[in-house]
Amino acid sequence: QVQLVESGGGSVQPGGSLRLSCAAHGTISSIYNSGWHRQAPGQQQRELVALLTSSGTTKYADSVKGRFTISGDNAKKILYLQMDNLKPEDTGVYYCARAGSWGRGTQVTVSS
């Protein structure tokens, strides 16, 4: 089975930056076809934030477009999410996912 482990979360002020990492452990052919989701405070559902397709194409939610960048190191099987110009609305627990497997999440807090 594949285990996904997120890291890099923390607390920052608006306008700050964070870089999240998701390490995949176990049998996995590629880090591609993976994505980042987040669960905002008070929300029950996780929303898709960024996606890295099997062909290398990236997709972003409108709310983060231009500020977040998803990338991956396929050799190391690590998925990244560079988050710049963070806003309070970005606060939440961020999860990486691939083929139905989910990490446990990492907390991101953006506040003054």
Side-chain angles (χ1 to χ4, degrees):
Q1 65 181 56
V2 176
Q3 182 179 43
L4 305 176
V5 182
E6 302 95 337
S7 63
S11 181
V12 298
Q13 294 182 329
S17 298
L18 285 173
R19 183 176 175 83
L20 306 183
S21 298
C22 174
H25 303 276
T27 302
I28 181 173
S29 60
S30 174
I31 195 62
Y32 291 117
N33 199 27
S34 303
W36 287 95
H37 301 70
R38 69 186 177 192
Q39 184 173 4
Q43 300 295 316
Q44 296 182 342
Q45 302 297 319
R46 298 174 184 177
E47 65 171 333
L48 177 65
V49 173
L51 179 68
L52 181 64
T53 72
S54 59
S55 62
T57 301
T58 58
K59 300 287 186 180
Y60 301 94
D62 289 340
S63 60
V64 307
K65 194 170 298 181
R67 300 186 297 116
F68 290 11
T69 303
I70 187 172
S71 63
D73 185 329
N74 198 42
K76 297 181 178 180
K77 299 297 186 290
I78 301 178
L79 186 71
Y80 300 101
L81 183 66
Q82 177 67 43
M83 305 185 294
D84 298 317
N85 192 24
L86 284 161
K87 303 177 179 180
E89 307 92 89
D90 296 320
T91 293
V93 180
Y94 284 69
Y95 303 84
C96 66
R98 182 186 185 279
S101 295
W102 294 81
R104 290 180 293 177
T106 183
Q107 177 70 44
V108 171
T109 302
V110 185
S111 66
S112 300

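Applying side-chain contact (heavy atoms from CB on, under 4.5 Å) to Met83 and the options Leu18, Val49, Thr69 leaves one that passes, Leu18.
Not counting sequence neighbours, the partners of Asp84 by the side chain to side chain donor-acceptor pair (under 3.5 Å) test are Ser17, Gln82. With sequence neighbours left out, the side chain to side chain donor-acceptor pair (under 3.5 Å) criterion links Thr109 to Gln107. Remark: Ser11 engages no residue in a side chain to side chain donor-acceptor pair (under 3.5 Å) (not counting sequence neighbours). For Thr53, the side chain to side chain donor-acceptor pair (under 3.5 Å) criterion is met by Ser55, not counting sequence neighbours. With sequence neighbours excluded, no residue forms a salt bridge (Lys or Arg N to Asp or Glu O under 4.0 Å) with Glu89.
Taking each heavy atom of Ser21 and Ile78 in turn, the nearest pair found is CB-CG2, 4.2 Å. The shortest non-hydrogen separation linking Gln44 to Gln39 is O-NE2, 3.5 Å. In plain terms, the two heavy atoms of Ile31 and Ala24 that are nearest each other are CD1-CB, 4.2 Å. Looking at every heavy atom in both residues, Arg98 comes nearest to Ser30 through NE-O, 2.8 Å. In plain terms, the two heavy atoms of Asp90 and Val108 that are nearest each other are O-CG1, 4.3 Å.
Residues Thr91 and Pro41 form a side-chain contact, since some pair of their non-hydrogen atoms from C-beta on lies under 4.5 Å apart. Annotation: side chain of Thr106 is not in contact with side chain of Ser7 (no heavy-atom distance under 4.5 Å). Between Ile70 and Leu79 the shortest side-chain heavy-atom distance falls below 4.5 Å.
Linking Ile, Leu, Val, Met, Phe, Trp and Tyr residues whenever their side-chain heavy atoms come within less than 4.5 Å leaves Leu81 and Val93 in two separate clusters. There is no path of hydrophobic side-chain contacts, each under 4.5 Å, that joins Leu4 to Leu51.
Pairs engaging residues 11-98 under the disulfide bond (SG atoms under 2.5 Å apart) rule: Cys22-Cys96 [sequence neighbours left out]. Note on residues 3-30: no pairs pass ring pair (Phe, Tyr, Trp, His ring centres under 6.0 Å), not counting sequence neighbours. Sorted by first and then second residue, the salt bridge (Lys or Arg N to Asp or Glu O under 4.0 Å) pairs with a member in residues 4-13 form an empty list; sequence neighbours excluded. Within the structure, salt bridge (Lys or Arg N to Asp or Glu O under 4.0 Å) contacts touching residues 8-25 (residues at least two apart or in different chains) do not occur. Note on residues 65-111: pairs passing ring pair (Phe, Tyr, Trp, His ring centres under 6.0 Å), not counting sequence neighbours, are His37-Trp102. For the disulfide bond (SG atoms under 2.5 Å apart) condition, no pair includes a residue of residues 36-85, sequence neighbours left out. Counting only residues at least two apart or in different chains, salt bridge (Lys or Arg N to Asp or Glu O under 4.0 Å) contacts with residues 45-58 comprise Arg38-Glu47.
The pair Lys65-Asp62 meets the salt-bridge criterion, since a charged nitrogen lies less than 4.0 angstrom from a carboxylate oxygen.
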